[in-house]
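Note sheet for the following structure.
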Amino acid sequence: MSIEISHVSKRFGSFVALDDVSVSIPTGQLTALLGPSGGGKSTLLRIIAGLERADTGRVRIEGVDATDLPPRKRNVGFVFQHYAAFKHMSVRRNVAFGLEIRHRPKAEIRERVDELLRLVHLEQFGDRLPAQLSGGQRQRMALARALAVEPTVLLLDEPFGALDAKVRKELRDWLRRLHDEVHVTTVFVTHDQEEALEVADEIVVVNEGRVEQIGTPDELYDTPANDFVMRFLGPVTQLGDRLVRPHDLVIGTGDAEPGAVTGRVTRVTRIGFEIRVEVTTEDQVVVVTLTRTRFRALDVREGSTVHVALAPEVVAETVEAA
Amino acid sequence: MVKRLIVVAYLFFLVAWPLFLVGQNTFEGGLDNLRGILADPDVVHALRLSLVVAVVAVVINTVFGVGVSLLLVRYEFPGKRLLSALLDVPLSVSPIVVGLALVLVYGGRTGWFGPTLENAGFQVIFAAPGIVLATVFVALPLVIREVVPVLEEVGDEQEQAARSLGANALQTFWRITLPAIRWGVIYGVVLSLARSLGEFGAVKVVSGNVLGETRTTTLVVEEKYLNFDKGGAYAAAFLLALVAVAAITVVSVLRPSSSEVKQ
Amino acid sequence: MTSATLAPDRPAAARRSARGGRLTRASGLGLGIAMLWFSLLVLIPLTAVVVTASEGGWSGFWDAVTNEQTAAAIRLTVGTAFGVTLVNVVMGTLIAWVLVRDRFFGKRLLEILIDIPFALPTIVAGLVLLSLYGPESPLGVDIHNTRIAVFLAFLFVTLPFVVRTVQPVLAELDPEVEEAAASLGASRFTTFRRIILPSLTPAIAAGAALSFARGVSEYGSLVLLSGNLPMRTEVTSVRILSSIENDNLDSAAAVAAVLLAISFAVIVVLDVIQRRVVRRG
């Protein structure tokens, strides 16, 4: 295990940011800390980096107790949401900063910086100032800067949060590919479940200062530990007293199967390739999503009476609604 | 902690203690010093002259300052950048040079415009208009420096909204722009007032320093001190210092933090 | 607190609005009136100084400014202003640092103390310093009529400039940048020297320029304090004044032109600094 967090608590005044959190983060993996804003995930990341001190608990990085080490002695790379670029330095000087602090030979620094700029596709921008780069480029520079010191762990705090949707998606794919090349233990904070599911090897769901669940994206999506994780990771709807994913429901028009609920179609919405059907039963509105082909085959419209049931293969993967 | 101690000691020895001593010296003999100068008709005349000049100068600089700020922030015109830089000139010109410059142009004997104006019966130098001009000159940028940043911060969206609702330029200015920048204007006015009351060098050159006529309060301080009336000098200085400290305190206490200004 | 007053952080370039409108008839008229007034009050009189200075030709000008007593005054003024500016660079940055980074009781009072030299009449400033450092000093030091008095007076009147230019820049520094440096292995001193100080340099330079200009042009605070001894404590402004009082306006204008040149140089420096800051973003 690369990072061991045991029984860490942190308060800001009367606000409890972290409440007795224990997590182990495996070596060489890309781990996401996922959760809503204000849930404590950024605080946890900053405690790992030493930018914040835990009130109680210990942090070990690669077997070394880092709890009392200042950030500069932890050898972690940290990437901030708003880049934290050194504005008065060129891109090259930004990337070289950590190496210069460590008094590495000039030739070595030059070589390493060239290599990193190639890695983050900024080789033509080395002599520019950060102000002359786009947001995505600045964040890639920040990443190269953090990687330059060959950190034991790389920590990213909402790294794509300040970027627009398209750049964000590109950088996300690129981070995944970069990680496959570099293999440094990486932890990133995000509130975007899609980002976490797509990029991470492992996800730690953090909410209200506590860890809700730890697992691979598949485990979390398919077997959420509780109501909160289920709701946070994807769309949900309620069928009877069970919380289910709308795409795990099937609609029938013939005879009602056992366990099916009967209702009237009250609304049909097309979202690209998907059709969203709202079925109003006696006491609730159930949302079902299905493909266009499936929908056409069914031949239902608003006002039709239908039966809604859970698809047979997913019966086990639901949770009881709280 | 060490840093804080150095800073506090530095400011204590450079500003706080000396300033305190002026107060102490003023009240050394109780209220005698203050009573003494307030009973002197020439000093009272000087106080009144200073006040009138300061008020006139502040009015002129406020109108000019708000107008120029609007032009600089809301309009584009050739030479704007140059004008903007030149407007700061009075801050860094020696008051003696300011006085000299005004004498060279408005001096009654050899000035560029002075003789013509005097033939028309209008004396500038060695008279009240000269004192006003000198005072306006030295305090010129203060309102502008306060108002321009505020105008930039509030933007012109509210003004455009008012215009779209049918307000004309004047209505927009009175109902939208002026209320939005009022704090900037108020600080500018308070600082200008303090600066105007306190001008010394430029006024010394252009006023002629005639007792009971063109001698202002700051000139009284010098004259009293040089004539060994230290009590009178301290008392007059105390009054001036009081205004200055009050002005700075008012601005510092009233000024909302920049985050509040934004709202 | 009056940072907007003193800070040169928004001169020329910053005042430019990105989408200013064209002049309308009314605003054009307003601009005309404002320019006329500004010309009559500032531009024409300052031009008169330069024109008068040049009327005696280059040799007349040169004789006036190289007159032994005048040259000594200029040397003293410029040298002292330079020294005071160096002190202000260090102390002003330190004061700004304490005001921004420390929280303590009485900070508000310090804020007021810093602005007092700006609002206090200069003649009063002289008297104020005289009461602690003059013949009746409770400290037992008497610097009255010495060059130290000139230094002290300059120090007093230039106090706010570096503080008030550095303070807002320091307050707006992104704390994440310092955290980034720390996580890359920089010590606190290294972070200050390589990250914070370079970010403050434009503000420090601007404050230093203003402080220098203010020192060079100082007059009022010296009247009672320095004794105006020729060749020893007489500054340039006093030289100009005695030429005016002796009705020698040509020579007064020549020396005044030197001061004006320094003022303009400072404004140019400020503008260059501002442009560099804008480029850095």
Side-chain angles (χ1 to χ4, degrees), chain B residues 3-4 7 10-11 14-19 21-22 25 64 67-68 71-77 81 84-85 88 92-97 100-102 104-105 112 136-137 142 145-146 148-149 169 191 194 198 200-201 205 218 221-222 225 233 237 240-241 244-245 247-249 251-252 255, chain C residues 1-2 4-5 10-12 15 17 20-23 26-27 30-31 34 37 41-42 44-46 48-49 52 91 94-95 98 102 104 110-113 115-116 119-124 127-129 131-132 155-156 213 217 219-220 223-224 237 240-241 244 252 256 259-260 263 266-267 271:
Chain B
K3 280 178 259 171
R4 194 189 308 168
V7 165
Y10 185 76
L11 293 177
L14 190 60
V15 186
W17 196 6
L19 198 64
L21 285 175
V22 168
N25 290 339
F64 175 80
V68 166
L71 288 167
L72 286 176
V73 177
R74 296 281 188 263
Y75 295 95
E76 280 303 328
F77 51 89
R81 190 188 165 89
S84 181
D88 283 342
S92 53
V93 175
S94 166
I96 299 298
V97 176
L100 172 68
L102 292 173
L104 288 175
V105 173
W112 289 4
V136 172
F137 190 124
L142 298 181
R145 294 196 133 230
E146 289 291 327
V148 162
L191 293 169
F200 172 69
V205 176
T218 48
V221 175
E222 182 193 22
Y225 192 88
L240 287 167
V245 173
I248 290 298
T249 310
V251 170
S252 139
R255 183 187 293 267
Chain C
M1 300 252 142
T2 54
T5 309
R10 6 188 172 243
R15 277 185 197 155
S17 140
R22 293 258 192 84
L23 286 175
S27 58
L31 180 64
W37 171 243
L41 184 70
V42 176
I44 295 172
L46 290 183
V49 172
T52 309
M91 283 310 297
L94 185 66
I95 294 171
V98 168
D102 277 10
F104 55 94
L110 291 195
E111 295 267 9
I112 291 174
L113 283 182
D115 281 339
I116 280 177
L120 202 66
T122 49
I123 183 78
V124 178
L127 197 64
V128 161
L129 291 173
S131 61
L132 183 59
L155 208 56
F156 184 90
S217 60
Y219 166 71
V223 173
L224 305 178
S237 291
I240 300 173
L241 184 65
I244 297 172
L259 286 191
L260 277 183
S263 302
V266 165
I267 285 167
D271 205 59

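The basis for the numbers below is simple: all heavy atoms, side chains too, and nothing from hydrogens, waters or symmetry mates. Just so it is clear, the model here is predicted, and its values are computed rather than measured. Chain naming here is simple, since letters A, B, ... match the order of the sequence lines and numbering starts at 1 in each.
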Answer with side chain, backbone, both or neither: which region of [X] has an atom nearer than 4.5 Å to a non-hydrogen atom of chain C?
{"X": "B/L71", "answer": "side chain"}
{"X": "B/F64", "answer": "side chain"}
{"X": "B/V93", "answer": "both"}

Engaged part of [X] at the chain B interface, taking heavy atoms whose separation is under 4.5 Å:
{"X": "C/V128", "answer": "both"}
{"X": "C/V266", "answer": "neither"}
{"X": "C/I244", "answer": "side chain"}

**Report entry** Closest contact, heavy atoms only, B/A237 versus B/V221
**Finding:** N-CG2, 3.8 Å
Answer whether the closest heavy-atom distance between the side chains of [X] and [Y] falls below 4.5 Å.
{"X": "B/L100", "Y": "B/I96", "answer": "no"}
{"X": "B/L11", "Y": "B/W17", "answer": "no"}
{"X": "B/Y10", "Y": "C/L94", "answer": "no"}
{"X": "B/D88", "Y": "B/R145", "answer": "yes"}

Please determine, among [options], the option with the most heavy-atom pairs under 4.5 Å with chain C.
{"options": "B/N25, B/V245, B/V105", "result": "B/V105"}
{"options": "B/A241, B/S92, B/G201, B/A194", "result": "B/S92"}
{"options": "B/A233, B/P18, B/G198, B/A247", "result": "B/P18"}

Report task. Indicate yes or no: does C/D102 engage B/K3 in a salt bridge with an N to O separation below 4.0 Å. Result -> no
Out of [options], which one racks up the most heavy-atom pairs below 4.5 Å with chain B?
{"options": "C/T122, C/I240, C/L129, C/L241", "answer": "C/L241"}
{"options": "C/L120, C/V42, C/I116", "answer": "C/V42"}
{"options": "C/L127, C/V223, C/V49", "answer": "C/L127"}

Report task. Determine, stepwise, if the pair C/L259 / C/S237 fulfils side-chain contact (heavy atoms from CB on, under 4.5 Å). Result -> CA-CA 9 Å; C/L259 286 191; C/S237 291; 4.0 Å; yes
Query raised in the report: Are B/F200 and C/V124 close enough, and set up right, to give a side-chain contact (heavy atoms from CB on, under 4.5 Å), and what steps lead you there?
Result: CA-CA 10 Å; B/F200 172 69; C/V124 178; over 6 Å; no
